[in-house]
J.: 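First the structure, then my questions, so here it is.
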Amino acid sequence: MNEMLSTENPRKGGLAPWRWPLHWQILLGLIIGAGIGLWIGVWAVGQVDASVPAEARGAAAGKIASESYAYLFFDLVGDIFIQGLKLIIVPLVTTSIILAVANLTKHGDGSTGFGRLTGKTLGYYAATSVISVLLGLAVVNLLSPGLTTDDAGQTVGILEGQDLSAFAGDQQAVDEKVGGKQATDFLDVFREMVPPNLIEAAAQGKLLGLIIVSILIGFFLSKSDGEPARVVKTFTQGVYDLTMAITDLVLKLAPLGIIGLIAATLGEQYAKLVPDDRLDTFVSGLTMFAGGAVLALAIHFFIVMPLILLFVARVNPIRHYRAMMPALLTAFSTASSSATLPVTMECVEDRAGVSRKTASFVLPLGATVNMDGTALYECVAAIFICQAFGIELTFAQQFLVVITAVLTSIGVAGVPSASLVAIVVILTAVQDALPAGSLPEGVLLVSGLGLLFVFDRPLDMVRTAVNVFSDSVGAVTIARTEGETDVLGDSPDS
Ligand code: ASP
């Protein structure tokens, strides 16, 4: 096992952090990054001119923070780290899948069990996504963060009587991010399965097409025994080994990269949020929304997932949390499950002991299509926005939200803020299903998206960690049901 990836405690390296196991180093990086980020944020808020009106102070401080030398430096360090991770993804995913499928061994009946593996994987993804969305639905209905009581004691949406033009700046950002997305774009998931141009798919990081093509290549390689096929396999193995060596190097630099990412993100977010007077206007609603989303994500992370580990996979959940620590901290810092994929694969194979065959198949596919945290968040966010407009959805309309949240989460890319696109799709679908007159003439539910911007980044960090954790739990569960015996010490009580 890679020494860096051992799960032992930091005392092993004494006072020399560079000798600590990786997850302790990353945690230290996170703490140092948070300290630097706070310093940048507090400094930027202090720099805002007293003449700037209250509603513009957040934006002004954010701008000052993001133009400071300290921010630019740490942002650069973070970007280089994320780019290092992204650099590995295409060769890692393609070679590991090709090798895993090409080397599938035949059972007595001539089958390889590949169909069964696929079935279990998709079944796990579907089941956990549905559970997570229902969890989000329950929490958002229970807390009703978008509703408040007016002076007359009536229940109204938190946007009641507010000037929506306050979100005009954010609205522009929404348009830039999600421009032109329609509900039918969900069908693109199927289109992406067959990339017309492999190089283009690789260049754009469209993993789904690459995964399918890699499976096909592996499948046909497994069918041919001749010299040319052997050469291709050996070459693929060589590229895989090289990729793993580079992955190790990038991982060694992860603590530094995470200092950069957290310092830049926290610095900018703090400066933007703390003086933002929308927080005062909607403080109860927005913070309750963010708190509710985190609560539901935490229930999924700390209760649902361990129950699956304990009763389906029959392994010790605590060991799995420890094994996945580097990947969870990387997911939290990057807010990108795609960029985290190399770390997830290392942790699941080296620390959790899942075979390469299972990990290579379940994890890349999971990073692309299985997003429990995202699906849950989409549901909470969409219903919160409806509530904010004073609309309480019927059972049928909530059902529509659940279905669209599960389906759109499949198509959401594993990059920061990608859920916003899916939430637009959900809100458009709900708007179409609302009876005429539910909203004032010309008002679109989508314009409430600005409400989500305030807490988007911190919530993105949390939901991405949940996305990655669910993929890893899937890999462990499937490996165990496939009879693998080396996973996490094998039994819940060992
Ligand atoms: N950032 C998330 C991920 O990469 C996607 C999202 O929910 O925005 O998994």
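Atoms within each ligand, like the ligands themselves, are counted from 1 in listed order.
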J.: Would you check whether V412 has a nitrogen or oxygen atom less than 3.5 angstrom from a nitrogen or oxygen atom of ligand 1?
T.: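 So ligand 1 has no N or O lying under 3.5 Å from an N or O of V412.
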
J.: If hydrogens are left out, which of N370, V415, T368 has an atom nearest to atom 5 (C) of ligand 1, that is, the closest non-hydrogen atom?
T.: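 It is V415 whose heavy atom sits nearest to atom 5 (C) of ligand 1.
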
J.: At less than 4.0 angstrom from any non-hydrogen atom of S336, what atoms of ligand 1 do you find?
T.: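 Those atoms are 4 (O).
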
J.: May I ask you to identify the nearest protein heavy atom to atom 4 (O) of ligand 1, giving residue, atom name and distance to one decimal place in Å?
T.: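 Result for atom 4 (O) of ligand 1: S337 N, 2.8 Å.
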
J.: Which atoms of ligand 1 have any heavy atom of S417 under 4.0 Å away?
T.: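 Going through ligand 1 atom by atom, the ones under 4.0 Å from S417 are 8 (O).
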
J.: Could you walk me through whether I258 and F332 satisfy the side chain to side chain contact (heavy atoms under 4.5 Å, CB included) test, starting with their C-alpha distance in whole Å, then the side-chain angles of each, then the deciding distance to 0.1 Å, before giving a yes or no?
T.: CA-CA 10 Å; I258 281 171; F332 181 78; over 6 Å; no

J.: Record the part of V468 in heavy-atom contact with ligand 1 below 4.0 Å; permitted values are side chain, backbone, both and neither.
T.: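 Contact part for V468 vs ligand 1: neither.
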
J.: Do S132 and D372 pass the side-chain hydrogen bond (donor to acceptor under 3.5 Å, both in side chains) test, and can you show the C-alpha distance, the side-chain angles, and the key distance before you say yes or no?
T.: CA-CA 6 Å; S132 70; D372 292 3; 4.6 Å; no

J.: Does S419 approach ligand 1 within less than 4.0 angstrom via side chain, backbone, both or neither, non-hydrogen atoms only?
T.: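 Both parts.
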
J.: Taking the six-membered ring for Trp, are F469 and H300 closer than 6.0 Å centroid to centroid?
T.: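 Between F469 and H300, the centre distance exceeds or equals 6.0 Å.
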
J.: Would you say ligand 1 has an N or O under 3.5 Å from any N or O of G414?
T.: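 Between G414 and ligand 1 (N or O atoms, distance only) the closest approach is under 3.5 Å.
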
J.: For ligand 1, which atoms, with element, lie under 4.0 Å from some heavy atom of T374?
T.: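 Ligand 1 atoms under the 4.0 Å threshold to T374: 5 (C), 6 (C), 7 (O).
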
J.: For atom 2 (C) of ligand 1, grab the closest protein heavy atom and report residue, atom and distance to one decimal in Å.
T.: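 Here the nearest protein heavy atom works out to T464 OG1, 3.3 Å.
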
J.: Taking the six-membered ring for Trp, are the ring centroids of F289 and F455 within less than 6.0 Å of each other?
T.: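 No, too far apart.
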
J.: Report the nearest protein non-hydrogen atom to atom 1 (N) of ligand 1: residue, atom name, distance rounded to 0.1 Å.
T.: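 Closest protein heavy atom to atom 1 (N) of ligand 1: D460 OD1, 2.7 Å.
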
J.: For I318, look at atom CD1 and say whether over 12 heavy atoms of other residues, nucleotides or ligands are found less than 6.0 Å away.
T.: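 No - once you tally the heavy atoms of other residues, nucleotides and ligands closer than 6.0 Å, there are 12 at most.
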
J.: Does any part of the side chain of D460, heavy atoms only, come nearer than 4.5 Å to the side chain of S417, both counted from C-beta?
T.: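 SC-SC contact between S417 and D460 confirmed.
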
J.: Within this structure, what is the CD1-CD1 distance for the pair I32 and I259, rounded to the nearest 0.5 Å?
T.: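 So the gap between those two atoms works out to 4.5 Å.
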
J.: What do you reckon, does S338 have a nitrogen or oxygen under 3.5 Å from a nitrogen or oxygen of ligand 1?
T.: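 Checking ligand 1 against S338, no N or O pair falls under 3.5 Å apart.
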
J.: Run R356 and D350 through salt bridge (Lys or Arg N to Asp or Glu O under 4.0 Å) and show every step you take.
T.: CA-CA 10 Å; R356 191 202 296 167; D350 281 6; over 6 Å; no

J.: Give the atoms of ligand 1, by number and element, whose distance to some non-hydrogen atom of A335 is under 4.0 Å.
T.: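 Ligand 1 atoms under the 4.0 Å threshold to A335: 1 (N), 4 (O).
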
J.: So T428 and D432, side-chain hydrogen bond (donor to acceptor under 3.5 Å, both in side chains) or not? Walk me through it.
T.: CA-CA 6 Å; T428 315; D432 291 345; over 6 Å; no

